[in-house]
Amino acid sequence: MHEKLNQWVARHDREPGAAPAPSWRDGPSVERVRQLPAAWADGVRSFYDALHAEPGCPDVCHGTACSFPDGHAPASSFPAGRIVRCLGRCAEAPVHGHGESRPIARRSLLEPAAVLRHLVGEGPTDWATEYALPDGEAILGAVAASSLRGRGGAAFPTAVKWRAARETPAPDRFLIANGDEGDPGAYIDRLLLEEAPHAVLAGVVAAARAIGARQAVVFVRHEYPRAQERLRTALAEAEANAWLSGTSVTVVSGGGSYVAGEETALLASLMGLRAEPWPKPPYPAQRGLFGLPTVVQNIETLALVPWLVRTGRPANMKALSLSGAVPWRGGLEVPFGVTLAEVLAAAGGPLPGRPWRMALVGGPMGRLIPAAHFAGTRLAYDTLPGLGHGGIVVLDESVTARALFEHLAEFARSESCGNCTPCRVGCAQLLNCRDTASLERLLRTLELGSACGFGQGVPKPISDLLAAFPGEVLP
Amino acid sequence: MKAERVVHVDGQPVALLDSDLTLLDAARRAGRSVPALCHDARVPSGGHCRSCLVRIGGRAVPSCTTPVQAGMELVTDDEVLRAYRHDLAELVRSEVAPGPTVDALLAELGPATGRYPALDRPGRTDASHPYLRLDLSRCITCRLCVRVCAEVQGRFVYSAEGRGATTHITWGPGTFATTACVSCGACASLCPTGAITDVDRQTAPTALDRTVRTTCAYCGVGCQLAVHVAGDRVVAIDGAASPVNHEHLCVKGRYAHGFVTHPDRLRGPLIRRNGLLEPASWDEALALVARELLARGDRAALLSSSRCTTEENYLAQKWFRVALQSNNVDCCARVCHGPSAVGMRRSFGTGAATNTLADLERADCLLVAGSNATEAHPVIGARLVQATLCGAKLIVIDPRLTELARLADCHLRLRPGTNIALLNSLAAVIVEEDLTNAAFLAERAEGLERYREFIVAYRPEQTELITGVPAALVRLAARLYATAARPMQVHGLGVTEHVQGSEGVMLLCNLSLLVGALGREGVGTNPLRGQNNGQGAADMGCEPSFLPGYRPVSDPAARAAVAAVWGREPPPQPGLTLPRIYDAIRSGSITGLFVLGEDVVQTDPDARRVQETLASLEFLVVQELFLSETAKLAHVVLPGASFLEKDGTFTNGERRVQRVRQAVPVVGDARADWRILAELLERSGVPAPYASPADVFDELTQVTPMLAGASYARLEGDGLQWPVPTPAHPGTAVLHREQFPRGRGLLATVDYVPSPALTEAERDGKLLLVTGRALEHYNSGSMTRRTANARLLPHDAVALHPVDAQERSLVEGDAVIVESRFGEAHGVAHCTNSVSPGTVFMTFHFPESGTNRVTSDVVDPLSDCPEYKVTAVDVRRSP
C-alpha cells in the first residue's frame, strides 16, 4: 500500500511527459504532507510530533531520566510545553528544548576501546584509514567471525541479516542506518553521531558494500538536530575526499515518533508515511524499501564494523548510557559479562544519602532490576536479553514502583503507533487495571498479541516491577 | 508428480494447495474457525487486529500474514489462545460503541464482562453522501476501508489518524461528500462493524429472501452482482466473486437500482389515440404492432438494443428477417463500437477484443486510447489504476486530463480528431527506430513493404503540428510500448466515434502487429464495449449485413444454414444501417420503425433532426422502461423489463457470455422483453414455442457457430468466452494464437484527413466539443437519473478551460448555451484545466440539456458510426 501511494503521489502533478519522480525516501516533512491525499496528510501530520508542533512552544522532555531527575522522585511537576519522550540529554536531566547541551562524558573499560575508540583518543588520526576497507565478502566474513549482534536492542546476528540481503536476487539493495534512538535513557548513538560521524559513515559504507547496496540512508531522529548537522558536515567532507567509494549516502530526519525505530516502521517513515510496522515475514532483508532487499542497522553496530574488520577481534563489548542516581553520567563501554554493580561502581556508586532502589536497563521495553540483584546481573545479550540499546537509568529509594509504573504506562499509551489492536487499546488500559491479576492478564495479551517489539516489550519492565515489589504497583 | 506439501492443523494433516498462502488459508481449509476481524480476501492482510493468532511451536503468530510452509505444526485453539482472544475482545469492546453487529462479531471471541472501562474515542459521524453513512463510534480501526480504497479502487480516501490510544480512521477534514470518494461502496461492503455502511444496508431487513447472482447492465465490463432480495424488492447489491470484477463494483452497479420500482416506470402498453398515448391492453397493442409492421415488410426497420439480452436481440432480428423479410436491422453498437468491429474485422478477421480482462494484470505496458475508463468502465478503470501503481507503464491517448492521464507515464494529449495522425506517428517511430518484432511480422503480417514506405511521412516531427503532441513525447511513448514485454491496448469511443473511426481502430491493430503483441497473454487490441451487451447484440446479427455469428446475409450458404432452423430464408440483400434508416424515413421509403430499449432522440447525433425524422413516421413502436424522449413520439409503447426483472445472457467486452438472472418480478403489467418479442413472432406467423430464454439460447447456438458449444448449464459460474465451437471446448481467452481468421494481419495504410469539424473550428475560431460519459450516469441516464446518483451529479456540465471561460466572461456554475451548426444545448459551465484550451467537454445524460442537438450527422463511412467526439461549437452565457 505504501508503494502504491508513493506511485500515486509521484505520478500526480508532474509536468507533461516528465518521468514519475523517484519513489520517496526523504522522511516525514511538511512538503511530503502537502502532496498526500487529504486523509493521508492528516494521518501523517497527526502522527509526528515535529509536524504538528505549535510554534514557540518549548519541548519538555518527559523521558525517564527527566521524569526522575538524579534518579529521585521529582520535587515539582513538569513545566508547561510540548511533551517529548526523550531528547537524549539524560546525563543533564531535567532538560527542555534543543538548546546548548553539555558535552557527554565518555569512558571505556576496554583495552583497547572499540566503539568509543575515537571518543577516548584511540581512533586513527587519519579518517581515510577508517574508510579504507576490503571488499564486501571480506567485510561480511569479518563481521561473521566477530559474532557481532545488532546493538539496537533486538541483538540479531548481523552477518546473518547481511548475508540474507546480499543473497536475495534483486536489481538493487538499500542500507539504512537507524539513528532513531528513541529509548528514554539511551544516548550513545547521539554521542557517536555528534562526535564520531566518520566512524558511523565508514560503517555505513562497509555495510553497504557487504550487502551489495549502492545507496544508503542515515535516518536520524528529529530530536537530534546537532547530530544531523554534524553528520551532514562529515558526509560533505567524506564526499569531497571520495571516501565513500561510490556509495550514495543521504541523511534523513525523522519526525518525532518512538516506533519509527522499529525497522519496518522506519521504512514507512522514510517514505514520509506513518511509522507503523509492516507484517513480517517477509523481513526487510528480503523485501524492504520499495520491495528491494534492505538492511536496517543501528548506529552503534555500524560504528563498530570498521574496527572489527581492521582488528579481527570479537564483538564482545557494549556501550552503555548512564543516567539517574549516579555521580558519573555518560557513555561507558564495557566488556560483555560485567555486572551491573561493577558498572555502577565505575560510575561512582550511589549519590550521598540516596541509596539505590532499582535500575531501568534497556529503556521502557527493557528490564527493571531491583538493587538487590545489581551484583548478580551480568550485562550481555545471552544473560540479559533485555539489555536492549544499553540505556541505564538508576533510581533511588524515593521512587516508588507505582510511580515508575505510571511513567512506563504513560509512555506506552502515547508512543504506541496505534497500528495493532492489543497495543493501541492495551497500552491505554494499563492504568485502568484495578488489581495485579488483571494487570498481569493484560500484560500477557500485550506480549502475545502485539505486532512488534513495542507492544511485546512494554510488559517486560512492568512484570519485573510486579515481581520485585509485590503489592506496590497494585493491590 | 509434484510431492504433496502437508501441514498439520491441530494435529490433523492438511495437503496444501497452491492457493494456500498463509496459515489462515491452511487453517480454514482444515475447517478451523480462526477469527480474523481485519481480514478479507479482497485486500492484502494487514495483521492489525491480531485476533487470528495461532501457534507454531512455541511462537504465537498472526495467521493472516504469516506464509505457510510445508511441515508446519499449527495450533489454532488452546487455553492460552482462548484466554488471549477473550481479552482482546474485551479490549475492542472498550474502544467501540456496543451494537448488534459488533457484539455478534466479538461474541465469537468471548463474552462481554465489562473488564475494561470504555475509552474516550473520537466518534465522528457523517451523512453528507447520498449513499454512504459513517459512524466511527462503531469503528474497531481494522483498516479494511483504508486498504480496500487504496488497494482496489486506488482513491486513498481513508487513512489512520493520530497516534497511540487515540488512533482512529479519518477521511480528512471536510464532510465525506467533499472527499475524492467515487462511491464504489467497497468500504461499506467490507466494514465488519457497520461503522461504514450505506443506505441500502441500513434499510435492508435482516432476513433476506434470496441472493441472486446476475450480470450488471451498466456497461460492457460485465461485473457479476449478488443481488439481495427481500420480498419482491431489491434491497442491496454486492459484487460477486468473478474473474471480471473480483467482487468489486462501481456506484452504478452497486447503488443505482432504485429505478426498477420508480413511479415513472411504464406499467402497461400505450397506444396513441387522437394524438395522445393512452393505456391499452396487451392483446390490442401486440396485434396492432404485428399487423402494422408485417404489412410494411422491408419498409419497416428494427433498431435493436445493446441493453437487452442476447436472446432478445436474437428474437428481434429473427422476427424482422423471417416474418417481415427485412434486413433493416441495426442496433446502437452502430453509434459506439461499430468501428471497432469493422476495423478489427478488416485487420484480423474478427471484430472483437483479442484478449481477456485478466491480462490487465499481466501486461507490463498499458496503452489506453480514447477511454476515460475510470468513469465509463469504472471497475476496469480501477484495475488499470492498480496495474499502474504496481509498476506497469501507462500510456494514455486522450485530449482530456483524465484520472488515468494524470497517472500516466506518458499522456499524449492530442487535439480532438487527430487520432489518425498520432497513431501513425507512434508506428512511424517504431519502424524508424527498428523497434518492430521482425519475426512476428514476417510470419503473420501482410503489407509490410508498402507500409514501411507509407509510414515515413508520419514521423512525429511531421505530425506535431496536426496533433499538438510534442514529437519527443510521441517517441517516448512509442519506445515504452514497443520495448515492453507485454504491451496491451484498451480503447474506447475516443477512437471509434470519429469520421475515421474504423481506420483509427485499424491503426491500433497496426501497432499490435508491429510489436507482435497478439496471440498471447497480456497483450492485444481490446475495445471497451460501451453498453452491457453491445457484443451480444452484434453477435446476434443485429446488423444489416450479418446474420448471427457474423455470417454475411449475402452468403447463400449462411442463409441456408439459418433457414434450416428458422424454416425460411432471410432476404439476400443487406439492409440499411441506422443513419441510412433515418435517410430512408426522410425519403419515405421506410415508414415503420421498431425501437427496442433505446432513446435515440436523446443519444443519437443531430438529435433535433432525429426527432423530426421519427415524428414523420407512419408507425413507430418503442419498447422501453420509461416514457423516453423517443417513446413520447411513438404510436405504440410496449413496457419492457429491466435486467433485474428477467432472465437471459449478456456478452461482455472480452467475449464472455454471462447469465442474467431474474431477481424480482416485473413491475405492474410490464413484461420481459423476450416474452413480448416471442409473442410478436407468433402473431406474425412464426412459431415461437419458448418456455424460457434457455430455449431461445439453445436455438441461437444452432445458428451461431462461435457459440455452438455453449448452453445455460455451461454458463453457470463464470460464463464462457467465445469461440466455444463444441460442447467440450473450454472457451477462448486469447484470440489469434496461431493465425488470424483472415490469414495474415493487415498493416493498413491510412492517411489522415481532417474532419470537417476541425476545419470549421479553425476557420471560424470555434471550440471543439467532445462528448462522453460521467461516472454517475449511464448513457441517456434514464435509469441512473431515477436514483440518488442524480444527487451525486444533478446536471450535464460543460467543461471548458479557464482561459476560454474568461474570454467568454463565464464563471463556474454559469448556465451556458453550446451552439453548433446543428443546434443548441444547455448546460452548466465547469472551468477546469482537465480540458485543453480550445476544447469543450460535455456529457449527454440529461434530456433537458439536449447535448446531441449539437453533435453532427457526419459519420465514419466504413461503419456509419457518427462523429460524436468532435463538433465545432460556440459557448455563451444563457440569457
Side-chain angles (χ1 to χ4, degrees), chain A residues 1 3-9 11-14 16-17 19-20 36-49 257 259 274-282 412-429 432-433 438 441-442 444-445 448-451, chain B residues 44-51 53 60 62 65-67 80 83-84 87-88 91-92 94-95 115-117 119 140-141 146-147 150-151 154-167 170-174 179-180 386 388-391 406-411 413 470 472-473 476:
Chain A
M1 188 157 65
E3 183 51 12
K4 284 184 180 174
L5 180 63
N6 263 322
Q7 281 288 332
W8 191 88
V9 168
R11 284 170 176 275
H12 276 76
D13 299 317
R14 279 171 296 139
L36 293 172
W40 288 69
D42 281 359
V44 170
R45 191 187 298 112
S46 61
F47 192 91
Y48 291 105
D49 296 340
S257 146
V259 175
R274 294 167 60 83
E276 294 170 340
W278 302 341
K280 290 186 281 193
R413 194 194 61 77
S414 61
E415 287 293 346
S416 164
C417 74
N419 182 39
C420 76
T421 305
C423 183
R424 178 181 68 249
V425 193
C427 290
Q429 294 287 14
N432 293 333
C433 289
S438 305
R441 182 176 57 205
L442 177 54
R444 276 197 300 277
T445 299
L448 197 64
S450 296
Chain B
S45 291
H48 302 289
C49 79
R50 318 302 287 180
S51 66
L53 240 57
T65 59
T66 308
V80 174
Y84 163 76
D87 201 44
L88 182 70
L91 288 172
V92 174
S94 76
E95 68 164 353
R115 187 179 291 176
Y116 298 108
L119 297 172
I140 60 171
T141 326
V146 179
R147 283 177 278 153
E151 305 260 14
R155 294 302 287 179
F156 304 96
V157 167
Y158 299 103
S159 167
E161 184 182 26
R163 194 174 76 196
T166 61
T167 307
T170 185
W171 56 86
T179 64
Q386 291 298 325
T388 305
L389 297 182
C390 285
R406 290 171 69 94
L407 288 171
D409 292 84
C410 224
H411 176 199
R413 197 169 182 175
L473 207 54
L476 184 66

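Residue numbering restarts at 1 for every chain, and letters A, B, ... go by the order of the sequence lines. Everything numeric in this text was worked out from a predicted model, so none of it was measured. The analysis underlying the following values was restricted to heavy atoms, covering all of them including side chains, and did not include hydrogens, waters or symmetry mates.
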A.B. asks: Heavy-atom pairs under 4.5 Å with chain B: which of A:D49, A:V44, A:L36 has the most?
C.D. replies: A:D49
A.B. asks: Do you know which of A:P422, A:A428, A:G426 has the most heavy-atom pairs under 4.5 Å to chain B?
C.D. replies: A:P422
A.B. asks: Say whether, by atom type as modelled, one donor and one acceptor occur between the side chain of B:R115 and the main chain of A:C433 under 3.5 angstrom.
C.D. replies: no
A.B. asks: Take B:I140 and A:T421, measure what side-chain contact (heavy atoms from CB on, under 4.5 Å) needs, and give me the verdict at the end.
C.D. replies: CA-CA 8 Å; B:I140 60 171; A:T421 305; over 6 Å; no
A.B. asks: Can you check whether A:V425 reaches B:S94 side chain to side chain, under 4.5 Å on heavy atoms?
C.D. replies: yes
A.B. asks: So which part of A:L442 gets closer than 4.5 Å to some heavy atom of chain B, the side chain, the backbone, both or neither?
C.D. replies: both
A.B. asks: At a 4.5 Å cut-off on heavy atoms, which part of B:R147 comes close to chain A: side chain, backbone, both, or neither?
C.D. replies: both
A.B. asks: In terms of heavy-atom proximity below 4.5 Å to chain A, should B:P117 be classed as side chain, backbone, both, or neither?
C.D. replies: both
A.B. asks: Just wondering, do B:L119 and A:R424 contact through their side chains at under 4.5 Å, heavy atoms?
C.D. replies: no
A.B. asks: Heavy-atom pairs under 4.5 Å with chain A - which of B:A160, B:C49, B:A150 has more of them than the others?
C.D. replies: B:A160
A.B. asks: Restricting to non-hydrogen atoms, name the atom on B:T167 and the atom on A:G418 that form the minimum distance, rounded to 0.1 Å.
C.D. replies: OG1-CA, 3.3 Å
A.B. asks: Is it the backbone or the side chain of B:A180 that comes under 4.5 Å from a heavy atom of chain A, or both, or neither?
C.D. replies: neither
A.B. asks: Any donor-acceptor pair under 3.5 Å linking the side chain of A:R441 with the backbone of B:D87?
C.D. replies: no
A.B. asks: Start with the C-alpha gap between A:L5 and B:F156, add the side-chain angles, then the distance that decides, and say whether side-chain contact (heavy atoms from CB on, under 4.5 Å) holds.
C.D. replies: CA-CA 8 Å; A:L5 180 63; B:F156 304 96; 3.5 Å; yes
A.B. asks: Is chain A contacted by the side chain of B:L53, its backbone, both, or neither, given a heavy-atom distance below 4.5 Å?
C.D. replies: side chain
A.B. asks: Could you grab the distance from atom CH2 of A:W8 to atom CD of B:Q386, nearest 0.5 Å is fine?
C.D. replies: 12.5 Å
A.B. asks: Quick one: of A:E276, A:R413, A:K4, who has the most non-hydrogen atom pairs under 4.5 Å with chain B?
C.D. replies: A:K4
A.B. asks: Quick test of your reading of the model: are A:E415 and B:R163 salt-bridged, counting only N-O distances below 4.0 Å?
C.D. replies: yes
A.B. asks: Give the C-alpha distance, both sets of side-chain angles, the deciding distance and a yes or no for side-chain contact (heavy atoms from CB on, under 4.5 Å) between B:D409 and A:R11.
C.D. replies: CA-CA 8 Å; B:D409 292 84; A:R11 284 170 176 275; 3.0 Å; yes
A.B. asks: At a 4.5 Å cut-off on heavy atoms, which part of A:S257 comes close to chain B: side chain, backbone, both, or neither?
C.D. replies: both
A.B. asks: Can you say whether A:T445 sits under 4.5 Å from chain B via the side chain, the backbone, both, or neither, judging by heavy atoms?
C.D. replies: both
A.B. asks: Check B:W171 against A:A39 and note the closest heavy-atom contact, atom names and distance.
C.D. replies: C-CB, 3.7 Å
A.B. asks: Could you look at B:T388 and say if it's the side chain, the backbone, both or neither that has a heavy atom under 4.5 Å from chain A?
C.D. replies: both
A.B. asks: Has A:Q7 got a side-chain atom pairing as donor or acceptor with B:G391's backbone, closer than 3.5 angstrom?
C.D. replies: no
A.B. asks: Counting heavy-atom pairs under 4.5 Å to chain A, which of B:G46, B:G162, B:G172 comes out on top?
C.D. replies: B:G162
A.B. asks: At their closest point, which heavy atom of B:E161 faces which heavy atom of A:S46, and how far apart are they?
C.D. replies: CG-OG, 3.2 Å
A.B. asks: Taking all atoms of both residues into account, what is the closest heavy-atom pair of B:A60 and A:L448, and its distance?
C.D. replies: CB-CD1, 3.5 Å
A.B. asks: I need the residue from B:R50, B:R413, B:E151 with the largest number of non-hydrogen atom pairs under 4.5 Å to chain A.
C.D. replies: B:R50
A.B. asks: Quick check for you: among B:S45, B:P173, B:C390, B:G47, which has the greatest number of heavy-atom pairs under 4.5 Å with chain A?
C.D. replies: B:P173
